[in-house]
Each structure stands twice: as structure tokens, then as C-alpha cells.
Number of protein chains: 2
Amino acid sequence: MELTTAEENYLKAIYHLSDGGKKSVSTNDIAAEIKTKPASVSDMLRKLGDKEVIEYRKYYGVNITEEGKKRALGTIRKHRLWEVFLVEKLQFAWDEVHEVAEELEHIQSPLLIQRLDAYLNYPKFDPHGDPIPDEFGDVKARPRVALNEMELEQTGQIVAVKDSSAAFLRYLDKVGAYIGARIKVLDKVEFDGSLEILVDQKKTLFMSKDVAANILVQQS
Amino acid sequence: MELTTAEENYLKAIYHLSDGGKKSVSTNDIAAEIKTKPASVSDMLRKLGDKEVIEYRKYYGVNITEEGKKRALGTIRKHRLWEVFLVEKLQFAWDEVHEVAEELEHIQSPLLIQRLDAYLNYPKFDPHGDPIPDEFGDVKARPRVALNEMELEQTGQIVAVKDSSAAFLRYLDKVGAYIGARIKVLDKVEFDGSLEILVDQKKTLFMSKDVAANILVQQS
DNA sequence: ATATATTTTTAGCCTATCCTAAAATCGAAA
DNA sequence: TTTCGATTTTAGGATAGGCTAAAAATATAT
Ligand SMILES: [Mn+2]
Ligand SMILES: [Mn+2]
Ligand SMILES: [Mn+2]
Ligand SMILES: [Mn+2]
């Protein structure tokens, strides 16, 4: 059964909020994520339940079904492939791609996505470091940890960001914290959790705990 | 004022049916073009009239306004640029691009189109030979004539097709009548208007008047 | 174990877009 | 100039998606 654009957006939100189908998700959380009202969410949940992409028990939140997970991963795959296209081919900055990809992900054409994937040389990660599901919905997970949870002296490489907002990404650009950068934790302030890190063995950088919590590192 | 996807599709249809704003267009013709019912068209015309992209006088058809023409050309520009992208970069056949471009043309991002245009090296024509309006809505018109209206012995080059349906384009592929082909009219049958043409100085080809009427030639 | 607070759903309404059937209008022919 | 057939509009209804306000259910705190 075909999903509408709105249904795809809801399903994707549910997938993300449920941490890939592991947790159940509340009406209010979905409303916050989609920026809509809980009443509208209740309506939509009934519809998604009827289409059997979620399991919906009134008042007790929703769980995504296997079918739903497959659909959500299909949309996520398209979103991330388009983001790669925009950055690699059209010279978009990584903070400019999200809104456009949010529209492009709903274009219906399996051939288009297959060809786009090939054209981009089968990328495994999007510009924010998030993994691109393959055509079967399989995701290559990279073990990664939030920067604020690393210990003193530990080293690693920035592999992704949790927050893809333009404001956050532009801040990272400004301070030179890009994906692929090698980092080392030089200092952690007990009081507020802020930290000092060494970037690429040459530049030191201070950041708040909030910022660090949105930077994901592969340890080494 | 923003136009919805449906409104953009109607406006584009009106632009095409009006021959670029020259003629006024009837409700029934729009319904046929959009594959919808005349009643739905009447509804939409009222709305497009309110938004002043058309001039609508009940029972007397519509004329597109200057503003409407500008909007329609913007959508046409996007449609044709995407078609070029699909053929040039993603190896789509020219009969596979129309449906996808019909969706892609509604993506809202001036930056995207500007970058796409540059990436494609500012193409002037789409895969069907139709001119791509520039960012100001200016169209480079090529003088062209339908093949069925050419006289015996006249020569020229195929520059466009009138019908972009997959069936027609695949037929042209099969017989080797592609855009850019040099042709000469070898014979015209009085009885049914069918003709025999020479393609690229080496292959002769018979075609019905209906086929020839959908092939556009730049004479030389 | 209640009472209160929070969450979620329902009811009722709105806009956009489509449909069918009926009414209105137009224009061509008699 | 009247009439008739084609065209177009209107009326009424459907579905999708959103909203507010009120009701209902659940969760939490005395
Ligand atoms: Mn989206
Ligand atoms: Mn991303
Ligand atoms: Mn379209
Ligand atoms: Mn075209």
C-alpha cells in the first residue's frame, strides 16, 4: 500500500524516536518531533495502524512494525542519498541540505534512487555521518560515543553529529570540528561538564557539554 | 504568494494550452490535459483567479497573466532541467524522464535549481528538444516546423518532438529518429500524407502523417 | 486510596482537492 | 428568436491533513 508524504514523515519520526524500533513512542513526542499538535498525531496513528506499519494501542504509545521499519528505512535511505548528492555534486554546505532532502525523499521512483546511488558511488554515510541503509534496509552501524562521555586523554575521530540544525553545523564549521577530524580529550571540567579537546593534533578547542553531546566519535 | 503542487500543475497546463499566453483556454481543455473533471477545474480556476495568476471570466475561459506566465515558466524550467539531469547524469532514457520530472519540478529551492543549472552547464534544451527558460523566464525560441508540413526534397535537422509519451519516444528510438538527426524528405504520399525520409544520408524511413506531425524540424 | 496533574483521544471545524449529479449558461441551428 | 445541445458552473459529498476545546484515560503525589 502506498504511503502519502505526511505518512512517510510520521513513520520516519516514529522510527527515529523509537531508536530504530527498539522503544515504543508517545503521541506527545511525535507531535514535538513533527511540529504538529497531539490531536493531529492521534488521527494519523489510527491511519498508520490501519495500514499496519505501526502497532497502535490507544493511550499506550506505538511500536513500529517490521513492515513499518522497512518503509521508514526506505525514506531515510532516500533522504541521505539526496543529502550526499547535494553536498558532493551541487556544492551545498552540510547545513543547507536538510530541508531540501526533506522534500526530495518523497519522490517516488525506485529507478531514480538506484541510479542516484550508483552515480554517487554507493556512499555508506551522509554528510552528517549518518549511515545510509542499503536497498534491503540494512544499516552498517559504526560503534560511536558522544564526545561528552569520553574520558580524559582518550582519542578518536569525529564520525557524525546528532543535531543537524544549520545553527549547530555552522558553529562546528566555525570552530573547525568537521567529520573525519581526529580528536583527543585534553581536559574535562567537573563543574559544568565542558571540555577542552585537541583537534588534528594542532588546535585546541573548548566546548560546552551540550555541544559535545551532539558530536559522535569513533574511539581509537 | 506560494502556489501548491496542484496549482503549479494547472498553471503549467494553462500555459501550454494557451500557447505561451497567446490564446485563452477552456475549462474542458484543461480538464482533458490534467486528466481531471471539468467541475474540479472550475473550482481551481476560481482559486487561481483569486491569486491573480490567471484572468478568469466565468463561462468564457481563462487567460494567463504576466505573473502567471512567470510562475509557469519557473515550473517548466525546473521540469526541463531535471529531465536533462536524469538523462545526462543518471542515464535515464528520454522516454523515462517525464513522470519523475513531473514530481521533481515541485521541489521548492531556488538554490537547488541554480546549482543544478550550473552543474549541467546551463543547458538550453531538454532531452525532447524543448527550450529551457532562463532564470528570468526568457525562452530561446528556435524556428521549427512539423515534419509533415515539409515539402519534397527539403532538408533539415530533427530538433524536438511534440509528443513526449514513452510509446512515441520508444518508436523513434526503434526507427533511429533521434534529436539531431539530419533528414531529407524523399517522398510524400498524397493519399494519406505519409512520407519517406532519408535519415543521416544513409537510412530511409517511412512514417505516417501522425508520426511526422509530432516531429519538429529546423530547416536548412 | 484519592485527588490532582499530565497525556491522549474525541468532537467539531477548516482548507485543499477531487468526485457525481443537477442547474445554469452559451452559442449554433432551425 | 426560440430551442437544443454542448459547455460550464454549482451543490453536495468524499478524503487527507491540520487545528482548538473538551472529555476521557492514565500517571503521580499526597
Ligand atoms: Mn520529508
Ligand atoms: Mn543527514
Ligand atoms: Mn508536476
Ligand atoms: Mn521534456
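Convention: sequence-line order gives letters A, B, ...; per-chain numbering from 1. Atoms considered below: every heavy atom in the structure, side chains included; atoms not considered: hydrogens, waters and symmetry mates.
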Between B:Arg71 and B:Glu67, does any side-chain N to carboxylate O distance fall below 4.0 Å?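 Salt bridge flag = yes for B:Glu67 with B:Arg71.
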Carboxylate-amine/guanidinium contact B:Lys69 B:Glu66, below 4.0 Å: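 Looking at B:Glu66 together with B:Lys69, the answer is yes, because their closest N to O distance falls below 4.0 Å.
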To the nearest Å, give me how far apart [atom1] ([X]) and [atom2] ([N]) are.
X       : N      : atom1 : atom2 : value
A:Ile34 : D:dA16 : CD1   : P     : 17 Å
A:Asn28 : D:dT26 : CG    : P     : 16 Å
B:Lys58 : C:dC26 : NZ    : C1'   : 15 Å
B:Arg57 : D:dT7  : CZ    : P     : 19 Å
B:Lys35 : C:dC18 : NZ    : P     : 14 Å
A:Leu3  : D:dG17 : CG    : C1'   : 15 Å
A:Ile30 : D:dG17 : CD1   : P     : 15 Å
A:Asn9  : D:dA16 : CG    : P     : 17 Å

So which of B:Leu48, B:Leu17, B:Ile30 actually passes side chain to side chain contact (heavy atoms under 4.5 Å, CB included) with B:Val62?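 Single side chain to side chain contact (heavy atoms under 4.5 Å, CB included) partner of B:Val62 among B:Leu48, B:Leu17, B:Ile30: B:Ile30.
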Could you check B:Asn214, B:Leu195, B:Leu216 and say which one makes a side chain to side chain contact (heavy atoms under 4.5 Å, CB included) with B:Leu147?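 With B:Leu147 as partner, side chain to side chain contact (heavy atoms under 4.5 Å, CB included) holds for just one option, B:Leu195.
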Can any side-chain N or O of A:Ser208 pair as donor or acceptor with the backbone N or O of A:Ser194 at less than 3.5 Å?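 It does not hold such a pair.
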Taking everything shown except A:Lys188 itself, do over 12 heavy atoms lie less than 6.0 Å from its NZ?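 Above 12, so yes.
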Does atom CD of B:Gln219 have more than 12 heavy-atom neighbours from other groups under 6.0 Å away?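 Buried by this count: over 12 neighbours within 6.0 Å.
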Can you tell me if [X] touches the phosphate of [N], counting only side-chain N or O atoms and a distance under 4.0 Å to OP1 or OP2?
X       : N      : value
A:Thr36 : D:dC19 : yes
B:Ser26 : D:dT7  : no
A:Tyr10 : D:dA16 : no

Considering only side-chain heavy atoms of [X], which listed nucleotide, [options], is closest?
X       : options                : answer
A:Tyr60 : C:dG27, D:dG18, D:dA27 : D:dA27
A:Lys47 : C:dC18, D:dA16, C:dT20 : D:dA16
B:Lys37 : C:dT9, C:dT20, C:dC18  : C:dT20
B:Ser40 : C:dC19, D:dG18, D:dT9  : C:dC19
B:Met44 : C:dT17, C:dT9, D:dC19  : C:dT17

Would you verify whether the NZ or CZ of A:Lys89 falls within 45 degrees of the ring axis of B:Phe85 while also being under 6.0 Å from that six-membered ring's centre?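 Ring-cation test returns no.
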Which part of the nucleic acid does B:Ala39 contact within heavy-atom distance under 4.0 Å: base, sugar-phosphate only, or nothing?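 It contacts base atoms.
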Reckon A:Thr27 touches a base, only the sugar-phosphate, or nothing at all at heavy-atom distances under 4.0 Å?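 Answer is sugar-phosphate: A:Thr27 comes under 4.0 Å of backbone atoms only.
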Residue whose nearest DNA chain D nucleotide is more 5′ - A:Ala6 or A:Tyr59: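 Nearer the 5' end of the strand: A:Ala6.
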Five pairs at each end of the helix from C:dA1-D:dT30 to C:dA30-D:dT1: take the axis at both ends and give me the angle between them to 10°.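 That helix gives 20° between its end axes.
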